[in-house]
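Computed from heavy atoms alone, side chains included, the values below leave out hydrogens, waters and symmetry copies.
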Amino acid sequence: MAVRVDDTVFLDSSLVAWGVPETVRQALAAKGFTTMSLIAHALPSSDHLESFECSAVVSGTSSLSGIPSSALTVPKPKLCAGDVTKMVTDFTAKYPSEFLRPETMPSLSLLIRVKEGLDARNLGWIPWRFRTTEHEEAVVVRRKPRTDVALLTSLLAAQDPDPLETSVPSGGPLEPTLRRFIGLLCTSIALLDGMHLLPLRKMLERFVSTATAVPEDRSLRGPLLNEAIEADRTFWSGVALLQTEHGWSLADSVAEMTYIRPDLFAALAPRVRASSSENAKRKIISPPMPLVVLAGSPSKVSVASWPESWAKTIDGVGPCIRFHTGKCRNAKCRFSHRCPILNAAGVPCGQNHSAQDLLAEDFADACINSGVAPTCAMILRLADRLLSEAPDLDDRFASGKSVSAGLHQKGSGGLRKVSSSHPTSVRLINQFVSHVAPDHVFSSFVIIDGVESPAHRELLIADDLGAQFLEDEGCQIPAVAMPDSPQPVVARNASADGSVPYGLGEVPDGCNTLLSAQGPSVELSVPSDFPPQASSQPRFFLDLFAGAAHPVSSAVAAISGDRFEAVDLIHGPQFDLLNDDTFALLCAMADHGVIGAAMAAPICGEHTILKLRPGGPPAVRTPKFLDGLPTNNWDQAVRAQNSALLHDRTREILSRVSAGHGLVLLENPVTSMTFQDPLMQSWMLAEAPFAAQVAACQFGLSWYKRFLNLPPVANMVPLRIIRFLDCGTRLDSTSDWRCLLHPSPCWHLPAVRVEDGAGLHSTAAWLQPQAPDRLAQLRERWSRRLFEDKLCLRLAYSLQSSPDQPPLSESDLDPFVQDALDVLGVSTSDRSAVLSITPGQPLRLHLLQALLECLGDSEAAMCEDLRTGVRVGVGVDITPSDHWPSRDWAPVIPDLQVCEGSWLSASSHPSQVNELLAEELAAGWIEEFSSLEDIRTRYPTVACGRLGLVLAEGRSPRLVVDSSISGVTEACFIPNRMLLPRVADIALCAPVQCVQEDWVLVSLDVRKAHRLVLIHPDDQGLLCFSFEGRFFVSKTLNFGARASAFWWGRLAGALMRITHSLIFLPHFLWDYVDDFLGAFRKATAPLQVGLWVVLFLVLRVPISWRKCAWNSRVKWIGWDICVSSWTVSLPADKQGLDEVLSAPKTKLKTLESLIGRLLWVSGLWKCLRPLLSPLYAALQAIPASCVAVSPALWQAILDAVDDHCVIRSDVSHASFPIGSRVIRVANTATHTKAHLVRMVFQHRRLWVTVQSTDHPFREISSPARDALAAWRAILEASPLSFVIRQPIHLSVLAEADACASEKGCGLGGHVCWPPGRQVWFSLYFMLA
């Protein structure tokens, strides 16, 4: 047999017998396969048959017509080096500004894959591991063949090599990874001339911007890398589908998937972060013992080392131990407030909740494993979790919350839900009940919160619920009813020998207790008039970290300065700055302006650099790890975080004192690492830019120690501190600081009108009557009804709790309506007509008109327009209002357009848009038509805008119609310019000083304000829109139309003026679009707000009751406004500049948005306006591109430019769009077209520098970066609290004059003070 296998004749005869074609036999012989053994050696198994055929047969002959098509595999199309070189040459000629490097040049294997798809008109998704570069192809080391088969195959023919692969990162920054892999594919397509590079780059930018966009909703996150890869697969799969099934070109398919279809944006849409239900599925590894608070020590942690189940860092930031142990409430804490508990994969939870906020089962398991007997504190904390996770399903209580466990009542067998869903929690509660009542037999229990429960008894023995006795072993025991109580209720059993054996002292602060149903106790008294003149604000000295001997306080007392008691932990726990109550107390003192000067010397034991010396005590931080060493144990981490918090809180208190025009001074040793903290350095730049170093030996102390003092001014003399303090010898306690305030405020009446959003004839400041009292009778009647049964108090309490429904029912309102009709003199026969409501809108416009006529308000005539429908202002003149300033410009009348479709914001959220459309259809605000022709049949003029969806954090989604694209906005002529209040208008209403008398702020928000105004039937066709082939017409004004702001502003202004006249007593009132804000004395607020709310309810103004606010501190139009201290602060969510500072260039829209927000901030901080100048310069500095231009393109540019070198027509080149400007040719700057014409072509190309106003990016220059760094230092290092209290007005006469010469300049003059004392001054500066 061996002889036959090695016999050439045997092989030839066998091939003939098997019917192998002659061409195949010749190819085998030519390759040297002359015996059966040689073929068997090269083909060990049938799996290698296809590759053997391709290498040995296909490449061995060019004439294979005799071989069946099924026997051969057609080789893949190949690209040779010459083809690639030609493609690169053509690419460079077409895109001269593009430069291909080995790191960006696609590899040959990738080009082959892309060419296959382009030739087949079916370019689909190419896996990222195959998207390789020329550089990777050059450095890859191919292994030599290890087997005979591989060796023979490689020798037989030039077979395609194994596909080159690269490694795809699994983490890291998302944007550079996307640009690398998607950009390679785009370059490959452009190299093979499959598409122009410009639309591919636009697709790349849209993909990257969508994937890296930060969701406004904090509960959402952007896509991860694996999700972005899947989105890329979805995109190119859609492109391939459009090419194969619809025959589209590649360019059209890419444009369709990029701009029209929502597939890409749905794949890259923000994801919901892991919810509590998902966390419940995760296995917690050894829950940390700090979650179990032992009886008698609720604030102590029961471990001495770092919990094994806690991560040391979360995204590079250490977890805040104070927050996770229930102590830190600082939203701007430098440490992480996300959950550090590791899941089963060893990854921290990372959700925005405390480590204590575990699920009920996890908490119960931790309590059981702790080995500690169940306490009342444990059960109350467990009850809080059960009440939120497992609501009662028995419907036994009409209000409040409850949860039941155990057996069902008779007739419905089985266990209750919580018994099966929370078995560990039920086990812990059973242990507790058995512990406190070991002789009690029970089969179920119920936890009740916030209600008065009926009597209960054992369900296994009794047949009905609510019996008065419990039966146990034949004995009848009275059931216990639990009444409302402000404290947890301890039930006492009549048959027991005492109370239940646990005390209320074990209940920790902050747990859920039974709340009293009574409203707030508010004293109603009519205030006396305001005092006519001001008195100065008391100013005391505050010494923080004063030490045992408090030498600084003693020095202030020696120079007769009033001061507070020294603040230092050594004097008692009430002075612990780590205590939140103590810190809040000191912040309130600073905000109210009673601190004229403050000095702080925070302890630096954990910040000293001396601990880093050899032999020193263990350090908890180093200059590299200022927030704490990664190797810190639990105790060291607590010390590091507490010391950092002490310094942070010290700086915040000093900043608040400085904001109140006080003097601040901070001291620490030079060796303290606190001065290396970036937050401290930013604070120094913003608050204390000067430093004075003092050595101990200068004061006779033999210490080798230096102290660094940070005053706010240079050359500070110690005795200057007395200028900021009251002279005296008073020493007051910090707890009694409110006694220093004046009993009543003093106002300087504004000399000008304060804008309130109600027009030129209204003012926000009603400290004194601003109009005749024409509604006195109505106010008297309504006030009497509000006093009856303390209705105003109940209404005030309802507003404080943000109710879901109106605080007064229709039956409660009916007497108020009748009072209004009686006062207005409406006859009985006309009352139904006055109270009637025009269909399509909710307001009682006849009643509103009667009230305006009673006031003599000219806007009474507007009510007729509101009833019949208002005109949009396109082609029809609108009667102007005398309450608002008039406009003097004429509108441009463009051609109205019909733009079908919607913006991406709506098309990418179709389900939400359809839900909102259904709501508006049900409300009658819009009407649906079958086609655009039907709309044109009904309405004389039709214009169709595009629908958008506004998604804002903290607000409900709402629809907006863009009427600018249809030309309606440009064609709309509004005769008046509407006015809106700013935060500066609130500052104009502030008093001179803080007082003991409390003031409150009340905000009301009108729901769907623009939808309250009907559109005239002839103008409804101007506000059309479409969505997914459906056509709609707006019957009421929508959000986004220019006429909406005009008509609603007039209506809101009328409501404001009526409210002013109705309240009449001293108050302040503002309206910003649909957000109303009022400031009232707390003693009279229930009555004044009651009048305001009743007016809106009587007129049927829809209010978003859930958004109502009643407090001394309210957030309004983006600002935190406090009328207790009369300060305005910037919320934490408005701060952050890292996005712009982290890159050398930024997006134009990002920079514009940032400048707008900073301009908004500088509305109060006028001194910060100069920092905006470099940013505006960066906004105007349009980046320039240098492009190589051919002679033909240069001639096209010359034909297209105007006299200012601006391109006015298309030149068919992406780098020279219409509107761009040529600024330089070669090395010569150009300003006019004549400069361009004089340019001579000396080479094949001419380098031209062009600027395009449509450039999406702006470079951040060095001055702009310095300005942004200064903004960040101000925003992050200080609380940015602005005191809006008015300064005391002094009548001062001052005159000055200046002089200048070649040698210097000078300024001189005199000041005449109120007592008549005159002071002259003169300053002269010599030229150095």
- Message: If you define the side chain from C-beta out and look only at heavy atoms, does anything of F207 sit under 4.5 Å from T258?
- Response: no

- Query: Taking the side chain from S966 and the backbone from S963, do they hold a donor-acceptor pair closer than 3.5 Å?
  - Reply: yes

- Query: Are the side chain of T104 and the backbone N or O of L100 linked by a donor-acceptor pair below 3.5 Å?
  - Reply: no

- Message: In the structure I gave you, are the side-chain heavy atoms of Q1251 and P1183 within less than 4.5 Å of one another anywhere?
- Response: no

- Message: I'd like to know if the side chain of T166 reaches the main chain of R129, judged simply by a donor and an acceptor atom lying under 3.5 Å from each other, with no hydrogens or angles considered.
- Response: no

- Interatomic distance, T1228 atom OG1 to L1236 atom CG [nearest 0.5 angstrom]: 10.5 Å

- Query: Do the rings of W128 and F181 sit parallel, tilted or perpendicular, given the 30° and 60° boundaries?
  - Reply: parallel

- Item | Inter-residue atom distance I1182.CD1 - S1220.OG, 0.5 Å rounding | 10.0 Å

- Item | Side-chain touch E1302/L1327, heavy atoms, less than 4.5 angstrom | no

- Considering all heavy atoms, the nearest L250-G194 contact: CD2-O, 4.0 Å

- Task: Using atom types as modelled and distance alone, determine if a side-chain donor or acceptor of E136 lies under 3.5 Å from a backbone N or O of T133.
- Result: yes

- Message: As an exercise, state the distance from CE of M195 to SG of C186, rounded to the nearest 0.5 Å.
- Response: 8.0 Å

- Query: Among pairs that include at least one residue of residues 1176-1193, which meet side chain to side chain donor-acceptor pair (under 3.5 Å), considering only residues two or more places apart or in two chains?
  - Reply: none

- Cut-off 3.5 Å, side chains only: do T212 and E175 have a donor facing an acceptor? no

- Where E227 and L224 come nearest, the two heavy atoms and their spacing: OE1-N, 2.8 Å

- Query: What's the shortest heavy-atom distance between I974 and A1043, and which atoms?
  - Reply: CD1-CA, 4.1 Å

- Query: With no hydrogens and no angle check, is any side-chain donor or acceptor of H1213 less than 3.5 Å from a backbone partner on S1215?
  - Reply: yes

- Message: So, applying side chain to side chain contact (heavy atoms under 4.5 Å, CB included) with M105, which one of T187, L110, L191 is it?
- Response: L191

- Message: Taking atom NZ as the centre, does K202 end up with more than 12 heavy-atom neighbours from other residues, nucleotides or ligands that are less than 6.0 angstrom away?
- Response: no

- Backbone of V1225 reached by a side-chain donor or acceptor of T1230 within 3.5 Å: no

- Student check: side-chain heavy atoms of P199 and V254 closer than 4.5 Å: no

- Is the closest side-chain heavy-atom distance between I112 and E116 below 4.5 Å? yes

- Message: What's the separation between atom CG in D83 and atom NZ in K86, rounded to the nearest 0.5 Å?
- Response: 8.5 Å

- Whether over 12 other heavy atoms sit under 6.0 Å from E1259 CD: no

- L185 and F130, any side-chain heavy atoms less than 4.5 Å apart: no

- Message: Would you say the rings of F265 and H909 are close, in the sense that their centroids are separated by under 6.0 Å?
- Response: no

- Roughly how far, to the nearest 0.5 Å, is OG of S237 from CE of M257? 8.5 Å

- Shortest non-hydrogen contact from G1118 to W1160? O-CH2, 3.4 Å

- Note on the structure: When every non-hydrogen atom of L1175 is compared with those of A1264, the smallest separation belongs to CD2-O, 3.9 Å

- Flag yes if more than 12 heavy atoms outside R206 fall under 6.0 Å of its CZ atom; otherwise flag no. yes

- Message: Going by side chain to side chain donor-acceptor pair (under 3.5 Å), name the residues that satisfy it together with T132, two or more places apart in sequence or in a different chain.
- Response: S107

- Task: Step through the shown structure and confirm whether more than 12 heavy atoms of other residues, nucleotides or ligands are within 6.0 Å of NZ on K1149.
- Result: no

- Minimum heavy-atom distance between L947 and S1026, given as atom pair plus value: CB-O, 4.2 Å

- Item | K1147 (side chain) donor-acceptor with P1256 (main chain) under 3.5 angstrom | no

- Query: Hey, does I229 have a side-chain heavy atom less than 4.5 Å from the side chain of V168?
  - Reply: yes

- Query: Mind checking whether Y259 and L904 have side chains closer than 4.5 Å, heavy atoms only?
  - Reply: no

- Message: One pair to check against side-chain contact (heavy atoms from CB on, under 4.5 Å): M87 and L192. What are the steps and the verdict?
- Response: CA-CA 7 Å; M87 286 190 298; L192 294 164; 3.2 Å; yes

- Message: Just verifying a value: how many Å separate F1257 CZ and L1148 CG, rounded to the nearest 0.5 Å?
- Response: 10.0 Å

- Message: For T1232 and D1203: C-alpha separation, side-chain torsions, deciding distance, then whether side-chain contact (heavy atoms from CB on, under 4.5 Å) applies.
- Response: CA-CA 5 Å; T1232 63; D1203 292 338; 5.8 Å; no

- Message: Around atom NE2 of H1204, are there more than 12 heavy atoms from other residues, nucleotides or ligands closer than 6.0 Å?
- Response: no

- Task: For R261 and L264, indicate whether the former's side chain and the latter's backbone hold a donor-acceptor pair under 3.5 Å.
- Result: no

- Task: State, without any angle test, whether E230 and N226 hold a side-chain donor-acceptor pair at a distance under 3.5 Å.
- Result: no

- Would you say the side-chain atoms of R946 pair up with the backbone N or O of D962, donor to acceptor, closer than 3.5 Å? no

- Audit row: W903, I965, side-chain contact (heavy atoms from CB on, under 4.5 Å) steps and yes/no: CA-CA 11 Å; W903 291 120; I965 194 171; 3.7 Å; yes

- Item | Sidechain-backbone polar pair: R131 side chain, I126 backbone, donor-acceptor under 3.5 Å | yes

- Task: Assess whether side-chain contact (heavy atoms from CB on, under 4.5 Å) is satisfied between L1022 and L896, documenting all intermediate values.
- Result: CA-CA 9 Å; L1022 295 172; L896 300 181; 3.7 Å; yes

